Amino acid sequence: MLEYALFLGCNVQARLPQHEYATKLVFNKLGAKLYDVKQFNCCGYPLKNVSSHGSLLLSVRNLALAEQRGMDMMTLCGCGFGTLKAANQLFREDASLLEEMNVHLRKEGLEYKGTVEIKHFSQVLYEEIGLKKIKENLVKEFSGLKIATHYGCHTLRPSKVVQFDDPFEPRIFDQLVEVTGAESVPWEMKLDCCGAPLWGSNNELSMELTGKKLDNAREGGANYLCSACSYCQLQFDRVQEMMLAEGKVKQPVPTIFYMQLLGLCLGIEGGELGLDKNHLSMDGLGDFL
Amino acid sequence: MKVAVKEDTTAFAKEIQQKCGQDVLTCYQCRKCTMGCPMAFKMKMKVNELMRAIQLGLREEVLSSDTMWWCVSCETCATRCPQDIEIVEVMDVLREMAFKEGYYIPVESIEAFHKVFLRSVEAYGRLYEMGFAMDLNLQLKDPLKDADLGPVMFAKGKLKLLPHKVKDLKSVKKLFENVRKLEESRV
């Protein structure tokens, strides 16, 4: 049986509780077990700018906690995925760096040896569970639903570190979306930044980047956006709602988290998947099911 | 700007290489980084120009530039780079250096954001949304910014009045103490 320590990161716990329970319901249906590790801390990403070693220490503590439980980690957020993957690679290449980290970890009875693998949820779905098994479990499929897929920067890049998919022509997440019967439409700005890193520090600019992407997705013919990263999902959902209120977006392109999209096709109720917790209305989705 | 090339102008590039392993000296100015950069339109010194400035040893100009403060770390530049320079790692190191050496940070709100985010992680192990928002507003001297969003988010179950603390919070605090000691010993 597939088992993973579920790494939620800060955003899901603070702002997107529906992602946590939608994920657990979907993986339960597909026969994989996800474990909570309450001791997990921040992935280290926000510390990178100020202290690279501080960032690595936060990462290594998470890795050590997973290793202690003999489990690999699965992430819901692209940023957490990229940060932990990069840190893990460094520890595997540089034994003296890892020892430097372990000096600190030993103070609380932890140690990291470098055995943990980090997977993005879409890798687990695509590589471990497989499209075939997902398809067998579907009880309904979308028809006529056009989706602009969004991977998120740190899910894809740097590709040598994250080893996720082709960084210029990724297909994994598109195939996962298409297995639900939806059509993944081509759009030019698919791989661009969503604007989320600027939120809080420069909201105007953040909205400018988001607005460009939304326009582009709409021009591509998309009814909905679907993001492989929780952080980007938050931007397209919460920030788009604010932009609508301010008249910065004329016509919305609502966004759905992948676990919710797949969950609906697996026969899980919208309420259980927390569709009503999304900022933008998901009511129109029913027309395509 | 005229640059007199004298002594060892590569010292700065080597300092960066020693800190993050990236050899900026291999950049040959193809400009693919800048062409793909979603933030280039904001930067006074574009990414390729920053690389050149590092090569020329223009430490002051580089550390006081706005380039790395606009960078959103999307990794597009690094993915496009034919010389495989992990440019974002260079940006991280430059931000760290500018921060530590007390350079004026041209995008003021970004510095406040970083500081406040860290405080939240240090105190609770993870981000505490409401405390974070209030702290940031105080830092930016705009205490009621986005205050109207609070009740809406609370109604949707998105805003907790109390933080989700990490179990075993002491360890995270210890970790931060260690980082501080580590940083001090390095300076």
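Small disclaimer: the values here were computed from a predicted structure and weren't measured. Chain letters run A, B, ... following the sequence lines, proteins first, then strands; residues in each count from 1. What you see below is based on every heavy atom in this structure, not just the backbone, and it leaves out hydrogens, waters and symmetry mates.
Residues of residues 81-91 of chain B lying under 4.5 angstrom from chain A, judged on non-hydrogen atoms, are B:D84, B:E86 in numerical order. Interface residues of residues 78-86 of chain A toward chain B, defined by a heavy-atom distance below 4.5 Å: none.
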task: With side-chain contact (heavy atoms from CB on, under 4.5 Å) as the test, would you mind laying out the steps for A:H120 and A:F164 before giving the verdict?
output: CA-CA 8 Å; A:H120 187 272; A:F164 179 82; 4.0 Å; yes
Step-by-step ring pair (Phe, Tyr, Trp, His ring centres under 6.0 Å) determination, A:Y231 to A:H154: CA-CA 11 Å; A:Y231 199 23; A:H154 304 287; 8.8 Å; no
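Applying the side-chain contact (heavy atoms from CB on, under 4.5 Å) test to B:R52 and every residue at least two apart in sequence or in another chain returns B:Q29, B:Q55, B:L56. Residues satisfying the side-chain contact (heavy atoms from CB on, under 4.5 Å) test with A:R69, not counting sequence neighbours, are A:V37, A:Q39, A:L65, A:M71.
Of the residues considered (A:A196, A:G152, A:P158, A:S159), A:P158 shows the highest number of contacts with chain B, using heavy-atom pairs under 4.5 Å. Considering only heavy-atom pairs separated by less than 4.5 Å from chain A, the leading option among B:P38, B:G36, B:S73 is B:S73. Counting heavy-atom pairs closer than 4.5 Å to chain A, the top-ranked of the candidates B:M68, B:K42, B:M97 is B:K42.
A salt bridge does not link B:K19 to B:E96: none of the charged side-chain nitrogens sits closer than 4.0 Å to a carboxylate oxygen.
In this structure, the portion of A:L205 lying under 4.5 Å from any heavy atom of chain B is its side chain and not its backbone.
If you check the side chains of A:Y112 and A:N88, you find a donor sitting under 3.5 Å from an acceptor. Residues B:T67 and B:E49 have side chains that never bring a donor and an acceptor to within less than 3.5 angstrom of each other.
With contacts defined as side-chain heavy-atom distances shorter than 4.5 Å, the pair A:K213/A:C232 does not qualify.
Using modelled atom types, no side-chain atom of A:S206 and backbone atom of A:N202 make a donor-acceptor pair closer than 3.5 Å.
Put simply, CG on A:D237 and NE2 on A:H279 are 5.5 Å apart, with the number rounded to the nearest 0.5 Å.
Relative to the six-membered ring of B:F41, A:K212 meets both conditions, a distance below 6.0 Å and an angle of at most 45° to the axis.
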